[in-house]
2 protein chains.
Amino acid sequence: MTKTRRRGAELEAAIYQATRDILKSDGLSQLTFSTVADVAGTSKPVLYRRWDSPFSLALAAIQDQIKRENHGRLDEVVLTGTSLREDLFQTLQRFIISMDTFGQTFVSTWLGDLDTNKSNQIQDMITDAKKIDIHAIDRILQRATDRGEIKTPEMSADMKLMPFDWLRYQMFMNEPINNEKLTMLVDDFLMPAYLRHQTL
Amino acid sequence: MTKTRRRGAELEAAIYQATRDILKSDGLSQLTFSTVADVAGTSKPVLYRRWDSPFSLALAAIQDQIKRENHGRLDEVVLTGTSLREDLFQTLQRFIISMDTFGQTFVSTWLGDLDTNKSNQIQDMITDAKKIDIHAIDRILQRATDRGEIKTPEMSADMKLMPFDWLRYQMFMNEPINNEKLTMLVDDFLMPAYLRHQTL
DNA sequence: TCAATAAGAAACTAAAAGTATCTTAAAATC
DNA sequence: GATTTTAAGATACTTTTAGTTTCTTATTGA
């Protein structure tokens with residue numbers, strides 16, 4: 001170890017990066033304070049002083065990356081489509097890009113201990129993500145309403161969330177999402193469902 | 001420990017049950033040979049002799065339960081519907097029941113280390129499950145074709161798999177699947193998509 | 001410059017994972 | 001039934017890992 005010590009934000013960034021590297025290469029089950037300390041070039045007590053478990057550290061590292069690389073919120077994208085279909089395409093393509101940023105590792109970290117419901121923090125993260133997703137679709141539906149494509153933007157949350165749920169599942173399972181697949185999602189499922197919903 | 005020793009299948013069943021109990025109550029991260037041995041009333045060397053890791057044991061215990069409680073394969077259910085819609089309902093309701101059998105714990109075990117792709121066994125399990133799902137929809141589509149509801153049972157695998165993907169995602173996220181939700185899936189997404197596909 | 005803070009090293013403890021040895025119950029064979 | 005084989009189980013032991021403590025000292029702020 002060099003005589004130069006890092007402190008504060010610089011140290012924290014190195015720790016978070018080391019954490020994410022280990023998550024990506026070895027998975028959550030191999031994430032220990034010992035390995036993080038080695039990779040980050042710090043010492044175990046430093047980690048124990050700041051986080052109460054490797055899992056807490058993993059979540060914090062993920063949230064750090066969300067903040068850093070989020071390309072802005074999904075529901076704040078400037079929509080440029082001239083139709084419901086185009087808006088859907090734009091938004092979902094953007095969603096796919098933001099998912100790629102994190103990769104599958106982080107989501108399995110996310111789900112890793114969801115079964116035991118021991119983490120309110122995870123629940124909060126999921127709830128927040130759903131709100132953003134719903135809001136992104138709300139904007140699209142409002143534009144489609146304004147254009148006269150549909151009668152009203154009113155729709156159940158489940159219907160709004162379906163594309164994101166399905167796309168996240170593809171990512172969980174390491175299923176590549178190409179343009180053909182996205183086209184199927186939009187043209188075969190979303191457009192008929194969203195347009196049909198308005199005729200009832 | 002009593003003087004009576006279990007051997008073979010009886011011992012294995014006790015070990016698998018102990019494993020599943022621990023997975024359910026404590027999650028995969030707390031599954032150790034030590035705790036399994038305690039709960040199953042056996043000794044650690046017995047476990048080390050048969051499985052090379054707690055993870056391998058977890059998978060085997062899950063597969064054991066699949067065999068025991070599968071209520072038969074999804075694609076072998078006797079379909080009694082008189083329409084595409086009814087067949088879809090019957091099959092998906094049955095799918096939901098079979099998912100309930102395992103609960104969310106087992107799925108997070110399933111996904112736990114998927115990111116590292118270190119387990120061909122998991123990949124095989126997923127591939128098998130997809131084949132069964134596709135075949136279940138194939139039967140439904142064939143019946144609908146025979147009834148004249150649609151022109152042909154030809155359809156992409158992604159379209160056939162969509163309901164199962166979405167339902168599995170709901171389960172991953174501990175989202176309850178009530179009848180209203182299933183109705184939305186069938187009536188708003190599946191029926192329009194499957195029927196529309198035939199008009200092209 | 002001095003004081004406060006926290007990073008880092010290293011030793012230590014506790015717990016858990018894994019291994020080795022031996023006994024003996026249960027099953028198979030003669 | 002007696003004997004042999006197999007594998008379950010007990011127990012001790014070794015290794016590894018997780019977590020804690022103590023101390024030094026680099027860095028920052030006053």
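All figures in this text were calculated on a predicted structure; none of them were measured in a lab. In what follows, every chain begins at residue 1, and chains take the letters A, B, ... in the order their sequences are listed.
- The distance between atom CZ of B:R50 and atom C1' of D:dT6, rounded to the nearest whole Å, is 12 Å.
- When each of C:dA7, C:dA17, C:dG8 is scored by its nearest atom to the side-chain atoms of A:T42, the top-ranked nucleotide is C:dG8.
- Each of D:dT20, D:dA10, D:dT27 was ranked by its minimum atom distance to the side chain of B:R49; first place goes to D:dA10.
- Among the nucleotides D:dG9, D:dA18, C:dG8, the one closest to any side-chain atom of B:R6 is D:dG9.
- Taking the side chain of A:R7 as heavy atoms from C-beta on, and the options C:dT19, D:dT20, C:dT5, the nearest nucleotide is C:dT5.
- Protein atom CD of B:E10 is 14 Å distant from nucleotide atom C1' of D:dA7, rounded to whole Å.
- In this structure, the CG atom of B:L31 is 13 Å from the C1' atom of C:dA17, given to the nearest Å.
- Proximity note for B:T32 (side chain, C-beta onward) versus D:dA8, D:dT27, C:dA17: the nearest is C:dA17.
- Put simply, the side chain of B:K44 and the base of C:dG18 share a donor and an acceptor less than 3.5 Å apart.
- The listed nucleotides are D:dA10, D:dA8, C:dG18; the one nearest the side chain of B:V46 is D:dA8.
- When rounded to the nearest whole Å, the span between CZ of B:F55 and P of C:dG18 equals 15 Å.
- What separates CD of A:Q30 from C1' of D:dT17 is a distance of 12 Å, to the nearest Å.
- Between B:S34 and A:P45, the residue anchored nearer the 5' end of DNA chain C, judged by the nucleotide with its closest heavy atom, is A:P45.
- Hydrophobic clustering (ILVMFWY, side-chain heavy atoms < 4.5 Å, transitive): A:L182 and A:F95 are in one cluster.
- Looking at residues two or more places apart in sequence or on another chain, you find a side-chain hydrogen bond (donor to acceptor under 3.5 Å, both in side chains) between B:D87 and B:R143, B:R147.
- When the P atom of C:dG8 is taken as reference, atom CZ of A:F33 falls 15 Å away, rounded to whole Å.
- Remark: B:K160 engages B:D138 in a salt bridge, criterion side-chain N to carboxylate O under 4.0 Å.
- Evaluation of the side-chain hydrogen bond (donor to acceptor under 3.5 Å, both in side chains) rule for B:K130 yields A:E175 as partners, not counting sequence neighbours.
- One atom, CZ of A:R5, and another, P of D:dC23, lie 16 Å apart when rounded to the nearest Å.
- Of the candidate nucleotides D:dT20, C:dA17, D:dA8, D:dT20 has the atom lying nearest to any side-chain atom of A:Y48.
- The nearest whole Å value for the distance from the CG atom in A:L57 to the C1' atom in D:dA18 is 15 Å.
- At a threshold of 4.5 Å between non-hydrogen side-chain atoms, the residues B:K181 and B:I96 do not count as touching.
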